[in-house]
There are 2 protein chains.
Amino acid sequence: MGDDTAVNPRHNKAEVFARLRDAHAREVTEDYVEMIGDLIAEEGEARSVALAERFGVTAATVNNTIKRLERDGFVTSRPYRSIFLTEKGETLAKKCRERHRIVYNFLVSIGIDPEIAEFDAEGIEHHVSEETLRVFEKVAKT
Amino acid sequence: MGDDTAVNPRHNKAEVFARLRDAHAREVTEDYVEMIGDLIAEEGEARSVALAERFGVTAATVNNTIKRLERDGFVTSRPYRSIFLTEKGETLAKKCRERHRIVYNFLVSIGIDPEIAEFDAEGIEHHVSEETLRVFEKVAKT
DNA sequence: TTTTAAAGTTAGTCAAGGCTAAATTGATTT
DNA sequence: AAATCAATTTAGCCTTGACTAACTTTAAAA
């Protein structure tokens, strides 16, 4: 017993699902730092009203999330002022933007409609390993 | 104003994120019905101890989830007995198994290591639109 | 300068999805 | 038949991420 894994890889999937739960826990953080970065680039600053509008949630929800991001060291904010990325937040945002770009370009390169690619990339990007990302990059370059 | 979307598709992403939240709400349900189907196929019945082991969560968590699935009409269960899929659950399980297969085969077909493909497919499958799934299928067949 | 509108905050609620600890049930052994 | 062990259930707790409603602050207009 115990070598069930070797025999049938569909057993012992606990690790896969643990990773999945981790990925999920990071999703909101990643989407927020990415969006904050975009807003700063496009509009010069990130206001919570803009975040609420772009994510389609209420201002109260944005407030909660920003507090969490601040607690976790991704952003700084002062009451009634705009939101800034920390070094850590900046780094993550950059990584996410890059990953998003790769996934989106890959999907388009295999023939998916750009609008659908935009939808799907937003969901897929959080679940793509480094290895898979490299392959996506290579395929898209072809 | 209003045609912001046409000019820059990165604005007005609220819909994308709404869809993403919907997809997330369905993930656990999909993983459970798929796993319950697997267990019935492999072991003749789905016991919560097996679900707990495969997902890497506690029995209490499985119990909560099964209650939710029952409430939503995907499974039936009686205290201290095994879990059964309803018609609705069966249908969803079949769809999910098929989609998983397509995503996995696609990833392998573009050169991703089978073990990594298994990891990534588990995350990606819930975020692939019908359109993208068709393209994946076509690419994998090539 | 006062008023008002927009933006941001706070408080309280809810469901999902985790957990631990304790109680119960069912099945197996002695 | 009783004891024991594994499986299941229950109760209670936590965090995330959503909401509404009410309040405060800031900025803009009158």
Side-chain angles (χ1 to χ4, degrees), chain A residues 1 14-33 35-36 39 43-84 122-123 126, chain B residues 1 13-36 39 43-84 122-123 126:
Chain A
M1 238 171 291
E15 213 193 319
V16 176
F17 290 102
R19 238 205 234 189
L20 199 56
R21 289 190 293 270
D22 281 1
H24 179 248
R26 271 191 302 269
E27 281 185 32
V28 171
T29 297
E30 294 183 347
D31 287 340
Y32 267 71
V33 296
M35 191 68 92
I36 292 166
L39 283 168
E43 307 183 355
E45 64 173 353
R47 306 298 306 230
S48 53
V49 67
L51 287 168
E53 195 251 321
R54 294 212 184 177
F55 285 123
V57 298
T58 63
T61 298
V62 169
N63 218 265
N64 281 339
T65 308
I66 294 302
K67 283 217 193 85
R68 205 164 49 245
L69 295 189
E70 195 161 22
R71 181 201 65 191
D72 297 342
F74 294 104
V75 305
T76 57
S77 77
R78 282 185 346 279
Y80 301 100
R81 290 282 170 273
S82 66
I83 299 143
F84 300 91
E122 201 61 62
H126 305 285
Chain B
M1 239 172 289
K13 305 235 292 175
E15 212 192 320
V16 176
F17 290 103
R19 235 203 236 192
L20 199 56
R21 289 190 293 270
D22 281 1
H24 178 249
R26 271 191 302 269
E27 280 185 33
V28 171
T29 298
E30 295 183 346
D31 286 340
Y32 268 70
V33 296
E34 202 177 342
M35 192 67 93
I36 292 166
L39 283 168
E43 307 184 354
E45 63 173 354
R47 306 298 306 237
S48 53
V49 67
L51 287 169
E53 194 253 321
R54 294 211 185 178
F55 285 123
V57 298
T58 63
T61 298
V62 169
N63 217 263
N64 281 339
T65 308
I66 294 302
K67 283 218 192 84
R68 207 165 45 245
L69 295 190
E70 194 162 22
R71 183 201 62 192
D72 296 342
F74 293 105
V75 305
T76 57
S77 76
R78 283 187 342 284
Y80 300 98
R81 290 284 170 274
S82 67
I83 299 144
F84 300 91
E122 202 61 64
H126 305 285

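Chain identifiers are assigned alphabetically (A, B, ...) following the order of the sequence lines, protein sequences preceding nucleic acid strands; residue numbering begins at 1 within each chain.
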TODO: Would you please name every residue forming a side chain to side chain contact (heavy atoms under 4.5 Å, CB included) with Val28(B), sequence neighbours left out?
DONE: Tyr32(B), Thr65(B), Arg68(B)

- [ ] For Glu70(A), check side chain to side chain donor-acceptor pair (under 3.5 Å) against everything at least two apart and list the hits.
- [x] Ser77(A)

Open item on the list: Quick check for you: to the nearest 0.5 Å, what is the distance between Glu34(B) atom CD and Thr29(B) atom OG1?
Closed with: 12.0 Å

Open item on the list: Run the side-chain contact (heavy atoms from CB on, under 4.5 Å) test on Arg26(A) and His126(A) for me, step by step, so that the C-alpha distance in whole Å, both residues' side-chain angles and the decisive distance to 0.1 Å come before the verdict.
Closed with: CA-CA 8 Å; Arg26(A) 271 191 302 269; His126(A) 305 285; over 6 Å; no

Task: Atom pair CD1 (Ile36(B)) and CD (Glu45(B)), whose distance is rounded to the nearest 0.5 Å - done: 12.5 Å

Open item on the list: Minimum heavy-atom separation for Asp31(B) and Phe55(B), please, with both atom names.
Closed with: O-CZ, 3.4 Å

Open item on the list: According to side chain to side chain donor-acceptor pair (under 3.5 Å), who are the partners of Thr61(B), at least two apart in sequence or on a separate chain?
Closed with: Thr58(B)

- [ ] Could you check whether Ser48(B) gets within reach of a base, just the sugar-phosphate, or nothing at all, counting any heavy atom under 4.0 Å?
- [x] sugar-phosphate

Task: Test side chain to side chain donor-acceptor pair (under 3.5 Å) applied to Glu27(B) - qualifying residues, sequence neighbours left out - done: His127(B)

TODO: For the helix from dT1(C)-dA30(D) to dT30(C)-dA1(D), measure the angle between the helix axis at one end and the axis at the other, each built from five pairs, rounding to 10°.
DONE: 10°

Open item on the list: Can you measure Asp31(A) atom CG to dT16(D) atom P for me and round it to whole angstrom units?
Closed with: 16 Å

Please enumerate all protein N or O atoms sitting under 3.5 Å from an N or O of nucleotides 24-27 of chain D, with distances to 0.1 Å.
unit_1: dT24(D); atom_1: O2; unit_2: Tyr80(A); atom_2: OH; d: 3.4
unit_1: dT25(D); atom_1: O4'; unit_2: Tyr80(A); atom_2: OH; d: 3.4

TODO: Considering just the side-chain nitrogens and oxygens of Thr61(A), establish if one lies under 4.0 Å of OP1 or OP2 belonging to dC19(D).
DONE: yes

Open item on the list: Give the residues of residues 62-73 of chain B touching DNA chain D, defined as any heavy atom closer than 4.0 Å, sorted by residue number.
Closed with: Asn63(B), Lys67(B)

Open item on the list: With nearest nucleotide decided by heavy atoms, which residue, Arg26(A) or Ala60(A), maps closer to the 5′ end of DNA chain D?
Closed with: Arg26(A)

Task: Gap between atom CD1 of Ile83(B) and atom CD1 of Ile66(B) - 0.5 Å precision - done: 4.0 Å

Open item on the list: Please give me every residue in residues 16-24 of chain B whose heavy atoms get under 4.0 Å of an atom in DNA chain D, ordered by residue number.
Closed with: Arg21(B)

TODO: Sequence neighbours left out, what passes side chain to side chain contact (heavy atoms under 4.5 Å, CB included) with Arg21(A)? Give chain and number order.
DONE: Phe17(A), Ala18(A), Val57(B)

TODO: Applying side chain to side chain contact (heavy atoms under 4.5 Å, CB included), name anything that partners Phe84(B), two or more places apart in sequence or on another chain.
DONE: Thr76(B), Ser82(B)

TODO: State whether Glu43(B) and Arg54(B) are salt-bridged, where the test is any N-O pair (Lys NZ or Arg NE/NH1/NH2 against Asp/Glu carboxylate O) under 4.0 Å.
DONE: yes

- [ ] In sequence, state the C-alpha distance, the side-chain angles, and the governing distance for Lys67(A) and Asn63(A), and then conclude on side-chain contact (heavy atoms from CB on, under 4.5 Å).
- [x] CA-CA 6 Å; Lys67(A) 283 217 193 85; Asn63(A) 218 265; 3.5 Å; yes

- [ ] Taking only Lys NZ, Arg NE, NH1 and NH2, and the carboxylate oxygens of Asp or Glu, determine whether Arg19(A) and Glu122(B) approach each other closer than 4.0 Å.
- [x] no

Task: Non-neighbouring partners of Glu15(B) that pass side chain to side chain donor-acceptor pair (under 3.5 Å), sequence neighbours left out - done: none

Task: Range on DNA chain C touched by chain A, heavy atoms, distance below 4.0 Å - done: dA7(C) to dG18(C)

